[in-house]
S.K.: 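Dropping a structure here in structure tokens format, bear with me for questions.
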Amino acid sequence: MKLIDFYQYGKLNSLLKEMGADLKRIETPNSWEGIDDSKLAELLKTGEVEIDLNEIKTRDGVFEYEGQKVIVYIRDQYSKYHSRGYKFHLTKCNTISRAFQNRRNSRYVVSLRTDGQFKINLLDDNVIVRKDLIEPLKVCKNCLEQIDYQKYKAHPYRIKQGIYEDFQLEEYFAMFRNTKLNTGLFRNANK
């Protein structure tokens with residue numbers, strides 16, 4: 001579809017002349033940065049995509065990629081830590097900040113999964129020994145603290161542990177899908 005050249009469009013120019021107005025060119029220092037549609041399409045199709053953390057924004061205190069609230073995790077995990085379990089992240093917590101400081105921010109995968117099961121690769125000496133395992137991951141406690149999920153900070157250890165153990169991704173994502181706009185911030189068209 002070809003856009004109309006408004007500077008050459010007769011009907012618009014006639015209307016502008018009747019109104020005594022001029023068509024002005026808008027000058028802005030802003031430029032359009034295109035979206036990597038292939039990454040967004042993969043994220044929406046499979047529920048996860050490899051990405052550099054520099055491409056993720058933090059909005060409302062949590063990670064967001066191309067308008068979608070997301071979580072991040074490391075896909076390539078060292079097998080020696082397998083028994084301790086692995087974590088996923090909701091925000092730029094202490095763990096993620098350390099990853100940035102140590103230049104390990106390209107090791108993460110963005111995910112929309114809500115079942116708590118994630119695709120990982122097990123490594124020994126930086127060599128993949130098992131690929132595409134589906135493993136349960138737990139939420140990062142530093143993230144719970146950072147976003148104060150369910151008033152996490154205010155609770156004693158026993159209750160914090162319950163919040164951690166009972167954390168559900170579906171519930172977490174629903175918090176953001178169900179956010180209502182504050183209509184008091186908009187002008188009433190009837191006034």
Side-chain angles (χ1 to χ4, degrees), residues 32-150 152-153 157 160-177:
W32 171 258
E33 292 182 25
I35 297 172
D36 184 345
D37 290 337
S38 63
K39 283 187 179 178
L40 185 57
E42 182 181 346
L43 177 62
L44 295 173
K45 180 181 173 192
T46 67
E48 49 189 48
V49 65
E50 289 184 37
I51 194 166
D52 189 301
L53 281 180
N54 291 319
E55 297 180 57
I56 301 174
K57 306 288 185 239
T58 302
R59 188 176 185 144
D60 302 327
V62 297
F63 287 133
E64 183 176 279
Y65 178 68
E66 303 298 348
Q68 295 277 331
K69 297 300 183 193
V70 296
I71 59 171
V72 300
Y73 73 98
I74 297 174
R75 177 171 294 156
D76 296 334
Q77 301 280 354
Y78 292 104
S79 61
K80 63 184 175 185
Y81 302 121
H82 188 258
S83 63
R84 293 191 331 197
Y86 306 117
K87 308 287 188 257
F88 58 82
H89 300 273
L90 312 171
T91 190
K92 193 172 179 184
C93 67
N94 294 336
T95 306
I96 296 293
S97 295
R98 280 193 306 275
F100 267 92
Q101 290 169 355
N102 296 329
R103 297 186 183 359
R104 292 189 327 246
N105 47 312
S106 63
R107 299 176 58 204
Y108 287 88
V109 173
V110 171
S111 178
L112 294 171
R113 291 189 71 138
T114 60
D115 62 0
Q117 303 288 321
F118 299 90
K119 188 188 304 183
I120 67 165
N121 300 320
L122 285 181
L123 303 175
D124 276 333
D125 297 323
N126 290 328
V127 175
I128 295 175
V129 292
R130 295 190 64 200
K131 189 171 177 63
D132 296 338
L133 295 173
I134 302 297
E135 293 279 327
L137 303 184
K138 296 292 281 180
V139 67
C140 167
K141 289 181 181 180
N142 290 332
C143 287
L144 293 176
E145 179 95 15
Q146 180 83 24
I147 66 171
D148 201 17
Y149 185 78
Q150 295 183 356
Y152 188 82
K153 293 181 192 179
Y157 175 78
K160 284 181 180 180
Q161 193 61 23
I163 293 170
Y164 167 74
E165 293 294 333
D166 296 338
F167 183 87
Q168 297 292 317
L169 281 165
E170 283 182 356
E171 181 181 310
Y172 169 75
F173 282 123
M175 284 175 30
F176 294 100
R177 281 194 291 268

S.K.: Do Asp115 side-chain atoms and Gln117 backbone N/O form a donor-acceptor pair below 3.5 Å?
M.R.: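 Indeed, once roles are kept as given, a pair shorter than 3.5 Å links the two residues.
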
S.K.: Assess whether side chain to side chain contact (heavy atoms under 4.5 Å, CB included) is satisfied between Ile71 and Phe173, documenting all intermediate values.
M.R.: CA-CA 10 Å; Ile71 59 171; Phe173 282 123; 4.1 Å; yes

S.K.: Will you find, in the side chains of Asp124 and Tyr78, an N or O donor that is under 3.5 Å from an N or O acceptor?
M.R.: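 Checked: Asp124/Tyr78 side chains show no N/O donor-acceptor pair below 3.5 Å.
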
S.K.: Whether the side chain of Tyr172 engages the backbone of Thr114 through a donor-acceptor N/O pair (distance < 3.5 Å, no angle test) should be reported.
M.R.: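 Pair absent, no side-chain N/O of Tyr172 close to backbone of Thr114.
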
S.K.: Hey, are the side chains of Leu144 and Tyr164 touching, using non-hydrogen atoms and a 4.5 Å cut-off?
M.R.: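 Yes; the side chains approach each other to less than 4.5 Å.
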
S.K.: If you look only at pairs with a residue in residues 67-77, which of them pass as a salt bridge (Lys or Arg N to Asp or Glu O under 4.0 Å), with sequence neighbours excluded?
M.R.: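 Sorted pair list: Glu48-Arg75, Glu50-Arg75, Asp60-Lys69, Glu64-Lys69.
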
S.K.: Out of the candidates Tyr73, Phe118, Phe63, only one should pair with Phe88 under the ring-ring contact (aromatic ring centres under 6.0 Å, His included) rule; please name it.
M.R.: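 Single ring-ring contact (aromatic ring centres under 6.0 Å, His included) partner of Phe88 among Tyr73, Phe118, Phe63: Phe118.
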
S.K.: What's the spacing between Lys80 NZ and Leu122 CG if we round to 0.5 Å?
M.R.: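 With rounding to 0.5 Å, NZ (Lys80) is 13.0 Å from CG (Leu122).
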
S.K.: Does Tyr149 have any ring pair (Phe, Tyr, Trp, His ring centres under 6.0 Å) partners at least two apart in sequence or in another chain, and if so, which?
M.R.: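 For Tyr149 the ring pair (Phe, Tyr, Trp, His ring centres under 6.0 Å) partners, ignoring immediate neighbours, are Phe167.
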
S.K.: Working to the nearest 0.5 angstrom, can you tell me the gap between Ile128 CD1 and Ser79 OG?
M.R.: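 Answer for the CD1-OG pair, Ile128 versus Ser79, is 12.0 Å.
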
S.K.: Scan the side chains in residues 131-139 for donor-acceptor partners under 3.5 Å anywhere in the protein, sequence neighbours excluded, and list what turns up.
M.R.:
residue, atom, partner, partner atom, Å
Glu135, OE1, His82, NE2, 3.3
Lys138, NZ, Glu165, O, 3.3

S.K.: Just so I know, are the side chains of Lys160 and Ile163 near enough to count as touching, which here means a heavy-atom distance under 4.5 Å?
M.R.: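 When only atoms from C-beta onward are counted, Ile163 and Lys160 do not touch, as no gap falls below 4.5 Å.
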
S.K.: With side chain to side chain contact (heavy atoms under 4.5 Å, CB included) as the test, would you mind laying out the steps for Ile96 and Thr91 before giving the verdict?
M.R.: CA-CA 8 Å; Ile96 296 293; Thr91 190; over 6 Å; no

S.K.: Specify the closest pair of heavy atoms between Cys93 and Gln146, including all atoms of both residues, with the distance to one decimal.
M.R.: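 Here Cys93 and Gln146 meet closest at CA-OE1, 4.2 Å.
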
S.K.: Which pair of non-hydrogen atoms, one from Ile56 and one from Val72, has the smallest distance, and what is that distance?
M.R.: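 Heavy atoms of Ile56 and Val72 come nearest at CD1-CG1, 3.4 Å.
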
S.K.: What distance separates Asn142 CG from Ser97 OG, expressed to the nearest 0.5 Å?
M.R.: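 That separation rounds to 9.5 Å.
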
S.K.: Once rounded to the nearest 0.5 Å, what's the spacing between atom CE of Met175 and atom CD1 of Ile147?
M.R.: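 Met175 atom CE to Ile147 atom CD1 measures 6.0 Å (nearest 0.5 Å).
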
S.K.: Looking at side-chain heavy atoms only, is the closest gap between Lys141 and Gln161 below 4.5 Å?
M.R.: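 Result yes, sub-4.5 Å side-chain heavy-atom pair found.
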
S.K.: What's the shortest heavy-atom distance between Asp148 and Lys153, and which atoms?
M.R.: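 Closest pair (atom of Asp148, atom of Lys153, distance): OD1-N, 2.8 Å.
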
